[in-house]
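Note that the coordinates shown come from a computational prediction; the quantities given were computed from them, not determined experimentally. Counting convention: from 1, in listed order, for ligands and their atoms alike. Quick note: residue numbers are just sequence positions, from 1.
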Amino acid sequence: MKIAIVGTGYVGLPSGVGFATLKHNVVCIDKDQEKIRALQSGNVTLYENGMEELFGQVVKKGNLKFTTSFEGVKDADVVILAVGTPPHPKTKEADMRYIYAAAEELAPFLSGYTVIADKSTVPVGTGDEVEKIIRQKNPNADFDVVSLPEFLREGYAIHDFFNPDRIVVGADSKRACDVIKELYKSFEEKTQILFVSRKSAETVKYASNAFLAMKIHYINEMADFCEKSGADIGQVAKGMGLDKRIGNKFLNAGPGYGGSCFPKDTTAMALMAQKYGVKMGLIETTIAGNKARKIKMAERIFDIVKDIKNPKIGVLGLAFKNGTDDVRESPAVEIISAMLEKGADITAFDYQATDNAKKVLLDKIKYAHALEDVFDDADVVAVLTEWEEFKALNIEKLASKMRHKRMVDLRNLFDGQYLRTLGFVYDAIGCVKN
Ligand code: UGA
């Protein structure tokens with residue numbers, strides 16, 4: 001099939017690579033000329049585990065192309081909208097300007113029957129609006145608009161593309177359903193493809209993200225309880241997760257969730273519900289609790305060095321989670337910012353996200369070229385991102401570089417018992433501090 005994808009961000013690009021790998025002919029469209037130039041010359045513009053290799057293969061075969069022109073939608077069977085819906089600077093609702101602009105710009109180029117599939121996370125009813133815009137711009141166009149919510153996780157987008165838990169299709173026309181069935185033909189055997197109404201599909205996305213965010217907030221609150229009661233959150237989460245009704249995923253307590261999705265989508269969901277006169281108390285509590293948690297985490301790190309004047313703080317991790325270079329709404333960045341206000345001297349390391357962090361934190365902190373530099377003369381090392389690689393560090397060797405052996409492990413990556421034998425004061429989430 002011929003597929004055009006509008007937007008080459010964390011959803012558009014991995015999806016483009018994925019569909020091209022499945023032998024569809026894909027053209028990715030983006031207004032950002034610099035990005036398109038880079039992609040055309042074979043440079044992958046964002047980090048996703050396993051994407052670079054597949055990208056090289058499909059570009060070489062000619063299955064994946066890039067352009068800045070909306071002419072790229074000509075003859076497409078499916079046009080996927082994968083542009084950003086960031087929070088509106090004033091209202092904090094999803095900012096729809098990029099979606100609507102894309103709908104306007106692609107409309108004149110539609111030829112033959114085309115399915116416009118929205119993968120961006122958009123408020124309920126957006127499909128109706130996109131349909132109206134296209135119809136106004138091109139009254140003769142033969143098209144349907146469907147909602148195709150995206151559940152890829154950043155960092156695991158390629159894995160998730162090929163191994164989805166489900167594919168949800170929101171379509172109000174049989175003709176459109178048949179096209180989407182064809183698009184996902186190779187998934188038919190192994191994945192449930194659920195056909196629902198367009199509005200239901202739009203809601204599934206928000207409802208899922210908000211639920212996962214609440215699950216994280218719940219386990220974080222439970223961790224607070226464990227710290228006071230003497231229980232261990234790791235053991236508690238394991239015991240809960242064995243119940244299939246609860247499930248063992250998204251029960252890792254930490255510094256609070258971040259990223260470009262959960263904070264934005266929970267807020268958008270709560271505001272959207274308000275518009276319909278519905279109060280979403282659980283989501284509202286989650287949003288407020290998660291925000292407050294990051295400040296508490298900064299205080300917690302400071303508390304462990306309160307006896308030291310101008311403490312030197314080493315930070316492991318800047319990305320909002322492991323496996324990505326993304327720092328949007330990263331708990332690490334927010335915790336560092338709060339610590340800077342208290343006058344901390346910070347040196348940080350990340351495997352992928354340093355360049356993006358520099359754009360936000362500027363020269364307010366030092367960026368370690370080598371991970372070991374984080375430990376140099378540090379009074380405390382704080383673990384802020386759950387990079388698996390941190391677990392393999394030779395802590396005994398690194399500890400010898402520190403001024404004081406203290407660690408605040410906000411991702412519970414290290415073995416506290418072992419660290420204590422090395423003489424560390426070790427503070428982790430959801431267990432009693434020593
Ligand atoms: C999330 C959803 O998981 C995807 O299904 C969805 O497609 C995506 O948003 C989106 O809307 O585009 P993502 O933002 O990439 O994906 O990241 P997650 O893996 O969900 O993690 C979000 C945050 O929660 C991170 O800060 C992570 O560290 C934190 N987290 C996650 C925890 O603190 N504990 C956990 O157990 C899991």
Do any nitrogen or oxygen atoms of [X] come within less than 3.5 Å of a nitrogen or oxygen of ligand 1?
X    : answer
F151 : yes
R411 : yes
K321 : yes
E150 : yes
T121 : no
P331 : no

Distance only, no hydrogens: is a donor on one side chain within 3.5 Å (strictly under) of an acceptor on the other, for [X] and [Y]?
X    : Y    : result
T121 : K205 : yes
K364 : S337 : no
Y426 : D415 : no

How does [X] reach ligand 1, if at all, at less than 4.0 Å between non-hydrogen atoms: by side chain, backbone, both, or neither?
X    : result
F262 : side chain
K205 : side chain
D160 : neither
L152 : backbone

Distance in Å, L22 CG paired with S186 OG, rounded so as to fall on 0.5 Å steps: 4.5 Å

Straight-line distance of N252 CG to K249 NZ, nearest 0.5 Å: 11.0 Å

Name of the residue among V73, L148, L110, V6 meeting side-chain contact (heavy atoms from CB on, under 4.5 Å) with I116: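 Option passing the side-chain contact (heavy atoms from CB on, under 4.5 Å) with I116: L110.
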
Heavy-atom nearest neighbour in the protein, as seen from [atom], with distance rounded to 0.1 Å:
atom                    : answer
atom 15 (O) of ligand 1 : E154 N, 2.7 Å
atom 34 (N) of ligand 1 : N252 O, 2.9 Å
atom 3 (O) of ligand 1  : R153 CG, 3.6 Å
atom 29 (C) of ligand 1 : I216 CD1, 3.9 Å
atom 9 (O) of ligand 1  : C261 CB, 3.2 Å

Aromatic contact, Y100 with Y98 (centres under 6.0 Å): no

F55 and F66 aromatic centres sub-6.0 Å: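 Yes.
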
Those atoms of ligand 1 less than 4.0 Å from some heavy atom in E386: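 Atoms satisfying the 4.0 Å criterion: 27 (C), 28 (O).
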
K342 atom NZ: more than 12 heavy-atom contacts under 6.0 Å: yes

Winner among F250, F320, Y257 once heavy atoms are compared against atom 20 (O) of ligand 1: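 Checking each option, the heavy atom nearest atom 20 (O) of ligand 1 is found in F250.
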
Partner residues of Y10 under the ring pair (Phe, Tyr, Trp, His ring centres under 6.0 Å) criterion, sequence neighbours left out: none

K366 and D345: CA distance, side-chain angles, deciding distance, salt bridge (charged side-chain N to carboxylate O under 4.0 Å, His left out) verdict: CA-CA 8 Å; K366 294 182 205 80; D345 173 0; 2.8 Å; yes

